[in-house]
Protein chains: 2
Amino acid sequence: MNIDVLLEKTGLKKTYPRKIILGLFEDRDQFLSADDIAKVFQEAGHPVPLSTIYRILDQFVEKHLVSEVHIETAQVKLYERAHAHHAHHLICTECEKIIHVESCPVHDYESDLEDTHGFKVTHHTLNFYGLCEACQKAHA
Amino acid sequence: MNIDVLLEKTGLKKTYPRKIILGLFEDRDQFLSADDIAKVFQEAGHPVPLSTIYRILDQFVEKHLVSEVHIETAQVKLYERAHAHHAHHLICTECEKIIHVESCPVHDYESDLEDTHGFKVTHHTLNFYGLCEACQKAHA
DNA sequence: TCGTAAATGCAAGTGATTATCATTTAGAAA
DNA sequence: TTTCTAAATGATAATCACTTGCATTTACGA
């Protein structure tokens, strides 16, 4: 979907920083930190302060345009384009590439937990760490 | 196992702060932040600076006496006693209680990932968020 | 074109964690 | 037991990611 249309839907004004940031997430399906985004603006010759970037990211999360990803090994907040489907991540500990996987192996297990522990699960996080195909070959 | 013996095994000197901190993890099986620990010292009338507490936690993690837990709803680092077995957590979003579960539903799935995505998994993290039994009753 | 709420940009502020360094201390050696 | 020394502590300052306050600017509906 078009960037402008997406922004219109949310009621947020179409400003330069917002269009560029949303474009980064929509065009390529990448994981970005506020700092990564600041670098893009910097390199484009039109710097945008981090305060603005953080504010926009918060708004995009609230409007479900992007979502925060929780990666244990990352010490900064990372964001990705919001996905319609529940998904998990494969994180390469070598090159830090993150792969999206849209299947979930623990759905049945959640009802087990209710029986065994009386715990009512609302959601979960599941990340796999290891080596991606390319890094395995590089190591071999 | 005895606190003193545990410390001797690691080669770390048996100091007051280290004995108290290790005791907190060993006696009760609780999740603690650096700040939680500082409060304990404070209340015991023998304050210990946060810098010391952080250093000791790092050392304990390195020596595998405790391990860091990654809870996405927590904005501070949390630590728990190191467990011999692979485990997962049930985190109550209401009272923030954390329950340990020593079964794992995704072991088979990891070999699937290698087939489908060429990704070699070395480890994973899995946390469930929801309501514990007590909080469910309180809500009902 | 105007008016106004919303958005930006800058600067200062937070809060958790880390680093520096002088002083103290555990524990081995004499 | 005393001495010695590397290790540990305590106090302070520094960092780093992120947030907030506020004056200025701007998108966009009237």
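Note on naming: letters A, B, ... go to the chains in the order of the sequence lines (proteins, then strands), and numbering restarts at 1 for each one.
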Would you kindly give the [atom1]-to-[atom2] distance between [X] and [N], to the nearest whole Å?
X	N	atom1	atom2	answer
A:L50	D:dA17	CG	C1'	9 Å
A:D36	D:dC18	CG	C1'	15 Å
A:L57	D:dT19	CG	P	10 Å
A:L7	D:dC28	CG	C1'	14 Å
B:E68	C:dT18	CD	C1'	14 Å
B:I53	D:dA8	CD1	P	16 Å
A:D58	C:dA6	CG	C1'	16 Å
B:I20	D:dG10	CD1	P	12 Å

Worksheet item: Of the non-hydrogen atoms in B:P17 and B:I56, which two are nearest, and what is the gap between them?
Response: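 So the minimum-distance heavy-atom pair works out to CB-CD1, 3.6 Å.
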Response to the item:
Smallest heavy-atom separation, B:E72 atom then B:Y129 atom, equals N-OH, 2.9 Å
Worksheet item: Do the side-chain N and O atoms of B:H124 and B:H86 include a donor-acceptor pair separated by under 3.5 angstrom?
Response: yes
Discussion item. Is a donor from one side chain sitting under 3.5 angstrom from an acceptor on the other, for B:H85 and B:H100?
Written reply: no
Worksheet entry | Heavy-atom side-chain proximity of A:V106 to B:F128 below 4.5 angstrom |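 Touching, per the 4.5 Å side-chain cut-off.
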Practice prompt. Measure the shortest side-chain to side-chain distance between A:F60 and A:T10 over non-hydrogen atoms and say whether it is less than 4.5 angstrom.
Written response: no
Worksheet item: Can A:F31 and A:V69 be said to form a side chain to side chain contact (heavy atoms under 4.5 Å, CB included), step by step?
Response: CA-CA 8 Å; A:F31 293 73; A:V69 277; 3.7 Å; yes
Worksheet item: Under 4.0 angstrom, heavy atoms only, what part of the nucleic acid is A:L12 near: base, sugar-phosphate, or nothing?
Response: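 Sugar-phosphate, backbone atoms only, no base.
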Looking at [X], I'd like to know whether one of its side-chain N or O atoms comes within less than 4.0 Å of OP1 or OP2 on [N].
X	N	answer
B:T15	D:dT9	yes
B:K19	C:dA26	no
B:Y54	C:dT18	no

Worksheet item: Given that A:P49 and B:D35 both sit by DNA chain C, which one's nearest nucleotide is further toward the 5' end?
Response: A:P49
Just the table, please: protein N/O against nucleotides 28-30 of chain C N/O, every pair under 3.5 Å.
none

Pull out every protein N or O sitting under 3.5 Å from an N or O of nucleotides 19-25 of chain C, one pair per line with the distance.
| unit_1 | atom_1 | unit_2 | atom_2 | d |
| --- | --- | --- | --- | --- |
| C:dT20 | O4 | B:R55 | NH1 | 3.4 |

Discussion item. From C-beta outward on B:R18, which listed nucleotide comes closest to its side chain: C:dT17, D:dA7, D:dC28?
Written reply: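 Closest nucleotide to the B:R18 side chain: D:dA7.
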Worksheet entry | Per B:T52 side chain, nearest of listed nucleotides D:dG10, C:dA7, C:dG27 |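 Selected nucleotide (nearest to the side chain): D:dG10.
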Item to complete: Report yes or no: does A:Q136 contribute a side-chain atom to a donor-acceptor pair with the main-chain N or O of B:G118 at less than 3.5 Å?
Response: yes
Practice prompt. Check for a donor-acceptor pair, side chain of B:S33 on one end and backbone N or O of B:L78 on the other, with a separation under 3.5 Å.
Written response: no
Worksheet item: With B:H88, which of B:L126, B:T125, B:N127 fulfils side chain to side chain contact (heavy atoms under 4.5 Å, CB included)?
Response: B:L126
Worksheet item: Start at the 5' end of DNA chain D and walk down; is the nucleotide closest to B:I56 or to A:Q75 reached first?
Response: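 Mapping each residue to its closest nucleotide by heavy atoms, the 5'-most match is B:I56.
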